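Values in this document were obtained by computation on a predicted structure and should not be read as measured data. Any value given below was found using the heavy atoms of this structure, including those in side chains, with hydrogens, waters and symmetry copies removed.
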Amino acid sequence: MMRQALTAILIFICLATEYAFGQACVISDNGDTVEAFSAIIDTRNNTVEVTLGNDSKDIAANVTVIVAVTYRNSLYVGGKTATTEYSGKTQVAPQSTQKLTLSISESYNNDKNYKAESVRVVSVSGRKCVLSSP
């Protein structure tokens with residue numbers, strides 16, 4: 001029984017976490033970037049926490065982050081899904097990481113059968129950002 005519970009928790013954590021490597025913006029001619037390292041759903045608090053990193057030695061960056069949260073309807077075998085985007089802004093200081101917490105809806109379109117299942121970072125952008133090549 002305990003083993004099943006631990007397995008279920010681990011599966012949930014894996015489903016609720018999607019690493020977002022590659023979602024970055026270039027903030028200088030030297031190739032300095034602000035990158036999204038991870039995005040994690042906290043279903044108890046209805047939030048997504050995005051960890052951003054800035055590798056510049058001296059440039060702080062104001063960025064906008066867009067995430068896509070996928071909700072699954074538990075009434076259907078295999079589950080129907082729906083996705084909604086959320087965004088937020090923060091400043092990331094030079095040579096540091098910054099956590100951005102976004103509030104998300106508990107359910108999709110007020111349908112309590114749809115629960116948040118996964119998240120992915122769609123983009124990291126800003127006025128002085130140039131999107132990096134994939």
Side-chain angles (χ1 to χ4, degrees):
M1 182 72 160
M2 181 63 112
R3 184 177 173 156
Q4 290 173 333
L6 287 173
T7 301
I9 290 169
L10 287 173
I11 290 171
F12 174 77
I13 290 171
C14 290
L15 288 174
T17 304
E18 181 172 319
Y19 290 94
F21 297 110
Q23 296 301 332
C25 64
V26 178
I27 58 174
S28 75
D29 292 336
N30 297 335
D32 296 335
T33 60
V34 173
E35 181 176 3
F37 293 130
S38 67
I40 301 170
I41 294 177
D42 179 348
T43 55
R44 284 186 279 156
N45 294 315
N46 298 317
T47 60
V48 169
E49 185 176 88
V50 181
T51 301
L52 301 160
N54 181 350
D55 64 5
S56 175
K57 291 182 180 178
D58 54 4
I59 301 172
N62 296 315
V63 295
T64 300
V65 178
I66 299 174
V67 299
V69 175
T70 299
Y71 295 84
R72 182 170 300 277
N73 188 322
S74 59
L75 293 181
Y76 294 90
V77 175
K80 284 186 171 181
T81 61
T83 302
T84 301
E85 290 187 351
Y86 299 92
S87 66
K89 297 179 180 187
T90 192
Q91 183 178 75
V92 188
Q95 294 186 328
S96 69
T97 59
Q98 173 74 31
K99 293 190 185 287
L100 171 64
T101 302
L102 304 172
S103 294
I104 64 170
S105 177
E106 178 181 2
S107 60
Y108 175 75
N109 210 18
N110 293 322
D111 184 339
K112 298 295 181 186
N113 295 310
Y114 280 91
K115 298 295 182 192
E117 176 182 75
S118 64
V119 62
R120 70 179 174 81
V121 176
V122 174
S123 67
V124 177
S125 62
R127 283 188 19 189
K128 294 188 178 185
C129 287
V130 177
L131 295 178
S132 62
S133 301

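Counting all heavy atoms, side chain and backbone alike, A60 lies closest to P94 at N-CG, 3.8 Å. Between I104 and A116 the shortest heavy-atom distance is CD1-CB, 4.2 Å. Taking all atoms of both residues into account, the shortest heavy-atom contact from A61 to V34 is CB-CG2, 3.6 Å. Shortest non-hydrogen contact noted between T64 and S87 is CG2-CB, 4.5 Å. Nearest heavy-atom pair, V48 versus A39, reported as atom, atom and distance to 0.1 Å: CG1-CB, 4.3 Å.
For N45, the side chain to side chain contact (heavy atoms under 4.5 Å, CB included) criterion is met by D42, T47, not counting sequence neighbours. Among residues two or more places apart in sequence or in another chain, the side chain to side chain donor-acceptor pair (under 3.5 Å) test is passed with N113 by D111. Remark: K89 pairs with no residue by the salt bridge (Lys or Arg N to Asp or Glu O under 4.0 Å) rule, at least two apart or across chains. Under the side chain to side chain contact (heavy atoms under 4.5 Å, CB included) criterion, T90 pairs with L52, V63, V92, Q98, L100, not counting sequence neighbours. Taking the side chain to side chain contact (heavy atoms under 4.5 Å, CB included) definition, one finds that K57 meets it with Q95, sequence neighbours left out. K99 meets the salt bridge (Lys or Arg N to Asp or Glu O under 4.0 Å) test with E49; sequence neighbours excluded. The side chain to side chain contact (heavy atoms under 4.5 Å, CB included) search around D55 returns D32, T33, not counting sequence neighbours.
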Under the side chain to side chain contact (heavy atoms under 4.5 Å, CB included) criterion, do I66 and V121 qualify, and how do the steps go?
CA-CA 6 Å; I66 299 174; V121 176; over 6 Å; no
Intermediate values then yes/no, side chain to side chain contact (heavy atoms under 4.5 Å, CB included), I27 and S56 | CA-CA 8 Å; I27 58 174; S56 175; 3.9 Å; yes
Would you please test V69 and I41 for side chain to side chain contact (heavy atoms under 4.5 Å, CB included) and show each step?
CA-CA 9 Å; V69 175; I41 294 177; 4.3 Å; yes
Side chains of residues 71-83: which donor-acceptor partners sit under 3.5 Å, not counting sequence neighbours?
unit_1 : atom_1 : unit_2 : atom_2 : d
Y71    : OH     : Y86    : OH     : 2.8
Y71    : OH     : S105   : O      : 2.9
R72    : NE     : E117   : OE1    : 3.3
R72    : NE     : E117   : OE2    : 2.6
R72    : NH1    : G78    : O      : 2.4
R72    : NH1    : G79    : O      : 3.0
R72    : NH2    : E117   : OE1    : 3.2
N73    : OD1    : L75    : N      : 2.8
T83    : OG1    : T70    : OG1    : 3.2

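For the atom pair CG of L102 and CG of N46, the computed distance is 12.5 Å after rounding to the nearest 0.5 Å. Here the straight-line distance linking atom CD1 of I59 with atom CG of N54 works out to 8.0 Å at 0.5 Å rounding. Within the model, atoms CD of E85 and CZ of R120 stand 7.0 Å from one another, a figure rounded to the nearest 0.5 Å.
Within the structure, the ring pair (Phe, Tyr, Trp, His ring centres under 6.0 Å) test picks out the following pairs touching residues 93-121 (sequence neighbours left out): Y108-Y114. For residues 42-68, the set of pairs meeting the ring pair (Phe, Tyr, Trp, His ring centres under 6.0 Å) definition, not counting sequence neighbours, is empty.
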